[in-house]
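Below, read A as the first sequence line, B as the second, and so on, with proteins coming before strands; counting in each chain starts at 1.
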Amino acid sequence: MREQDPQVRARNFEEVPYGYTPEEAVEEAKRCLKCKKPSCVQGCPVNIDIPGFVGQIALGNFWEAMKVMKTTNTLPAICGRVCPQESQCEGSCVLAKKMEPVAIGNLERYIADWEAQQNECVMCEMKPRTGKKVAVVGAGPAGLTVASDCAKMGHSVAMFEALHKPGGVLVYGIPEFRLPKAIVEREVNFVRSMGVDLQLNYVVGKLKTLDDLLQEFDAVFVGTGAGKPSFMGIPGENCLGVYSANEYLTRSNLMKAYLFPRYDTPIVRGKRVATIGGGNVAMDSARTALRLGAEKSILIYRRSREEMPARTAEVHHAEQEGIEFNLLTNPVRYIADEKGWVKAVECLRMELGEPDASGRRRPVPVKGSEFQIPVDTVVVAIGNSPNPLIAQTTPGLETAKHGNVVADPKTGRTSKQGVFAGGDIVTGAATVILAMGAGRLAANSIDEYVRTGQW
Amino acid sequence: MLSPGIKRFELDAAEIARKALPGQFVVLRVNEEGERIPLTVADTMPDKGILVIVFQEAGKSTKLLGSLNEGDSILDLIGPLGRHSHIEKFGTVVCIGGGVGTPEIFPVARALKQSDNKVISIIGFRSQDLILMADEMKSVSDELIVATDDGSNGNKGFVTDMLKKVIDRGEKIDHVFAVGPVIMMKMVSKTSEPYKIPTVVSLNPIMLDATGMCGVCRVDVGGESKLACVDGPEFDGHKVDFDGLMARLRTYLPEEKLSLEQYEAAKPKGGCCGGKGGCCA
């Protein structure tokens, strides 16, 4: 797929890839071998009928392709852009063994963008109204999936979102250049068009508790995400200029601080920005720093490239744009100037030891390898833990060590009758599509529960 | 308007008004370009569905908010946020409000009074013309001391001087609550510490989402990093790293100045008539 030139795009917030032309889409779709047992579908957490929609694109039937898509996925423009296809559908594509797999993500994105340009959109088949009421807490990827699935099943759905815009991480976390906010808005509007009632600025746990919701609704889904930023707990983290990735990205994305002073929320436009971490959020932060005018955007990651959890495409894009990678490096403290601003990060070199619980080789510090990197801004992107608010205010809702809500991975059922949960609040910080997959499973068991009353 | 630059707004927010308790806050956004502004709940009238906020017009965002008239609406309002004040019968409590902190200490003082505490309130201002809510504070206090920095009301001194006097007169004080500028809360905490009087301060760090998501409001409390938005905003004043908080509050001074300058420059000149003349000087 054609992309903006790295040197140019590193200084703007426009989307990186341009998208296919219709001819390119058809051409790419024709590469699909139409396997009898399509392994790509197995690789997809929401089991999209991939050969089905790709086959329709190959025939030039874009409308039909979109119909196939929407039977299983109401958020294709988002998934096409942010899923880690290389470890899912495309990674499972039989072509991948010999050559490039079918660019399923690009095709998904193409067909959704194509639909957006038409005068009407493909509507989902709606089952007759059941009279059952479902509350969805959190309008992120998991919640949106539950809401749209339950609406299709004929239930009345009310969605409660704490922020002033729906989309969760899709609006506060993922930057414009990777996922334009107009696209999120369009897909959220589609979910609302199915009759889902959306209440913004509504903090469940403060205004109403989960128990209050259970009085009004037949079932409640909790998809409140992993919104609590982790810090390393090293000296100097409270220096001025040290951000959590959540803060940095929320300022830039949700509050549009990159357009300051036209928008009122400010953000520090550092000249030398260090981002700590190796995941998608770290890539997003480091690339945002460039676009905010950094002369140097430095990534500091304690393991090696192989262990980086970020999407391959993001690592590649970051490198192309000139992000400086400091691998096998770990910060030990931040050093402030006389006014309290961060002026350097002291790091240790690391080497890889034995594999740890994650199966990745554990980084071990190299003794005496301390060195300093001069910086004026730091973004800590080492992960998030679940938002504790719901668990704190809901007696009888079982949580695990890190505050994750305990839910059956197959059904999303929690320890509390009528309450389901899925996405990052259960798993800890993961991906958009895994949250959607959990939402899909939860929606099915919510449907079963509200119809039968069987727990 | 309560005093120069300080305004009191009644918001139509029935659901929040029913739930909000003393010590909690709300976040609002005036318009699409606006910041999320955290403001302490100054009062509620649950039967009327009204939530009261009091704020000082300091930067662009609060001036913009202050420019609204009765009947206007704001884009977003979220709350109640934060933990509410811990209210019980302590015995004798001192409630301290500094400047715009006074309307914020008011609901706390009232709740303490309602819980049968003996409430001694101390409120402080720069000068007499800035004094606000003295009558309201008096109505919920057994004793009210009003101090001015310049002595223009006849009682010169800082709130800490008044606190010291109250302590020195030998009365047993069981608890202190203080809301006001960070430096005031720091000095109050320093004043009460040698006497081991538990002291609760309400912190006002920079906030963004204010739901525990961004971490910008983190503050060191007794060596632990706490989030003012979800763990607070009230903390043990004897444990708070006030200097760290003050430093972090300065993060965006240049940006705040720029925003305000642009806002002031874009405002129509000459007041009500937009400079066209005829209705104002």
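With a 4.5 Å cut-off on non-hydrogen atoms, B:Ile206 touches chain A through its side chain but not through its backbone. Of the atoms belonging to A:Lys206, heavy atoms from both backbone and side chain fall under 4.5 Å from chain B. If you measure heavy-atom distances from A:Asn387 to chain B, the contacts under 4.5 Å come from the side chain alone. For a residue to count as touching a neighbouring chain, one of its non-hydrogen atoms must lie under 4.5 Å from one of that chain's; by this rule B:Ile16 touches chain A with backbone and side chain alike. Using a 4.5 Å cut-off between heavy atoms, A:Arg262 contacts chain B through its backbone alone, with no side-chain atom that close. Of the atoms belonging to A:Leu207, heavy atoms from both backbone and side chain fall under 4.5 Å from chain B. Using a 4.5 Å cut-off between heavy atoms, B:Asp220 touches chain A through backbone and side chain atoms alike. For A:Val242, the parts lying near chain B are the backbone and the side chain together; criterion is any non-hydrogen pair under 4.5 Å. With a 4.5 Å cut-off on non-hydrogen atoms, B:Val230 does not touch chain A at all. A:Phe260 touches chain B through its side chain: at least one heavy atom from C-beta onward sits under 4.5 Å away, while N, CA, C and O do not.
Put simply, of B:Gly215, B:Pro80, B:Ala210, the one with the most heavy-atom pairs under 4.5 Å next to chain A is B:Pro80. In terms of heavy-atom pairs under 4.5 angstrom with chain B, the leader among A:Asn238, A:Val203, A:Thr250, A:Asn246 is A:Asn238. Options A:Leu163, A:Leu259, A:Leu389 differ in how many heavy-atom pairs under 4.5 Å they form with chain B, and the most are formed by A:Leu163. Contact tally against chain A (heavy-atom pairs below 4.5 Å) for B:Ala20, B:Pro254, B:Gly82: the top residue is B:Gly82. Interface summary for chain A: among B:Ala247, B:Ser225, B:Ser61, B:Gly244, the most heavy-atom pairs under 4.5 angstrom belong to B:Ala247. For chain A, the option among B:Asp209, B:Thr251, B:Leu258 with the highest count of heavy-atom pairs below 4.5 Å is B:Thr251. Between chain B and the options A:Met255, A:Lys228, A:Lys339, heavy-atom pairs under 4.5 Å are most frequent for A:Met255. Heavy-atom pairs under 4.5 Å with chain A peak, among B:Gln262, B:Arg29, B:Arg18, B:Gln24, at B:Arg29.
Looking at B:Glu57 and B:Lys7, a side-chain N of the basic residue comes within less than 4.0 Å of a carboxylate O on the acidic one, giving a salt bridge.
Between B:Thr199 and B:His175, the side chains place no donor N or O within less than 3.5 Å of an acceptor N or O (distance only, hydrogens not considered).
Side-chain N or O atoms of A:Arg272 include one that pairs as donor or acceptor with a backbone N or O of A:Pro374 at under 3.5 Å.
Other residues, nucleotides and ligands contribute only 12 or fewer heavy atoms inside 6.0 Å of the NZ atom of B:Lys257. When the shell of 6.0 Å around NZ of A:Lys343 is examined, it contains 12 or fewer heavy atoms from other residues, nucleotides or ligands.
Between A:Tyr263 and A:Tyr258, the distance from one ring center to the other does not fall under 6.0 angstrom.
Between B:Thr160 and B:Met184, every side-chain heavy-atom pair lies at or beyond the 4.5 Å cut-off. Contact annotation: the side chain of A:Arg178 approaches that of A:Asp284 to within less than 4.5 Å [non-hydrogen atoms, C-beta and beyond].
With a 6.0 Å cutoff to the six-membered ring centre and a 45° limit on the axis angle, A:Lys133 counts as a cation-pi contact of A:Phe217.
With values rounded to the nearest 0.5 angstrom, B:Ser202 atom OG is found 9.5 Å from B:Phe235 atom CZ.
The aromatic rings of B:Phe55 and B:Phe9 stand perpendicular to each other, their planes meeting at an angle above 60°, with 30° marking the opposite boundary.
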